[in-house]
Amino acid sequence: ALGITALALVGWVVAPDSVVAAAASLAAGALLVLRLWRWRGRKAWSEPLLVVLHLGYAWLAVGLCLLGLSGLVGSPPPSSALHALTAGAIGTMTLAVMTRTSLSQTGRRAVPVRGTSAIYVLITAAAVARVLAPMLGGEMDPLLSLAGIAWCAAFGWFALLYGRVLATGRPTRRARRDSSSPRWR
């Protein structure tokens, strides 16, 4: 799956309009969906910091599938695929890693700060709106506005929730008291 994904992305860069690159992208996306399914994500539902990593990976699969469909059948627009990869996969993974790393690198347990799920909902809403907007043609402005607002809100909410964690670099009182908690999870 990873090898075909690498080949598909190289094909997309070298010959973005070729049928071979489109077919490779579709195949890579399908393989990533299969790979994600084998991860048994249902078991991760109790861990928001793991669920969001699955979501970011799912956006990669969706982006590659959309890229392949765009090249093979001409729909959806290529910009939808691009935004699934950027706003969806990159945006989601960036926030997922930032929240987890903010906790673990400051000696805290990998338990999300209250309100962290809202960050993930906002980035997902931004990605969905941005992917769907080009499909609406001339009526896409409201979705573009929603995507921009949700994107900024997700990163802004992260800064508000995790600013103290990052600025002080100190564990909270609760984490200091719980010396038996693992630093890495």
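The hydrophobic clustering, which links ILVMFWY residues whose side-chain heavy atoms are closer than 4.5 Å, places L160 and I123 together. If you chain together hydrophobic residues whose side chains sit under 4.5 Å apart, W157 and L103 fall into the same group. L66 is connected to M140 through a chain of hydrophobic side-chain contacts under 4.5 Å among Ile, Leu, Val, Met, Phe, Trp and Tyr, so both are in one cluster. Using a 4.5 Å cut-off between side-chain heavy atoms of Ile, Leu, Val, Met, Phe, Trp and Tyr, with links allowed through other members, L31 and L36 fall into different hydrophobic clusters. V62 and L136 fall within the same hydrophobic cluster, defined by Ile, Leu, Val, Met, Phe, Trp and Tyr side-chain heavy atoms under 4.5 Å apart, directly or through other members.
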Y162/I119 under side chain to side chain contact (heavy atoms under 4.5 Å, CB included): CA gap, chis, key distance, verdict = CA-CA 11 Å; Y162 287 84; I119 294 169; 4.1 Å; yes
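Of all heavy-atom pairs spanning A61 and V33, the tightest one is CB-CG2, 3.7 Å. Pairing each heavy atom of P77 with each of P134, the nearest pair is CG-O, 3.8 Å. Between L49 and R100, the shortest heavy-atom contact is CB-NH1, 3.5 Å. Scanning all heavy atoms of the two residues, the minimum distance from A150 to L122 falls at CB-O, 3.5 Å. Minimum interatomic distance between L166 and S102 (heavy atoms only, all atoms of both residues): CD2-OG, 3.4 Å. Here the closest heavy-atom approach between residue G56 and residue M93 is recorded as C-CE, 3.8 Å.
A side-chain donor-acceptor contact under 3.5 Å links T99 to the backbone of A96. At least one donor-acceptor pair closer than 3.5 Å links the side chain of S70 to the backbone N or O of P76. Remark: side-chain polar atoms of W12 are not paired, donor with acceptor, to backbone N or O of L64 under 3.5 angstrom.
Using a 4.5 Å heavy-atom cutoff, the side chains of W59 and T86 are not in contact. A 4.5 Å side-chain heavy-atom check between W151 and R130 finds every atom pair outside the cut-off. Contact check for V14 versus V10: side-chain heavy atoms found under the 4.5 Å cut-off. At least one side-chain heavy atom of M98 sits under 4.5 Å from a side-chain heavy atom of F158. Between L85 and I90, the closest side-chain pair of non-hydrogen atoms is not below 4.5 Å. The shortest distance between side-chain heavy atoms of V131 and V128 does not fall below 4.5 Å. Counting heavy atoms from C-beta on, the side chains of L26 and C65 come closer than 4.5 Å.
From L9, atom CG reaches atom CG of L60 across 7.5 Å, with rounding to the nearest 0.5 Å. Here L7 contributes atom CG and S25 contributes atom OG; the two are 10.5 Å apart, rounded to the nearest 0.5 Å. The OH atom of Y57 sits 4.0 Å away from atom CG of L32, with the distance rounded to the nearest 0.5 Å. L132 contributes atom CG, which lies 11.0 Å from atom CG of L144 (distance to the nearest 0.5 angstrom). To the nearest 0.5 Å, the span separating CG on L67 from CG on L72 amounts to 9.5 Å.
Environment of CH2 in W39: crowded, with over 12 heavy atoms of neighbouring residues, nucleotides or ligands closer than 6.0 Å.
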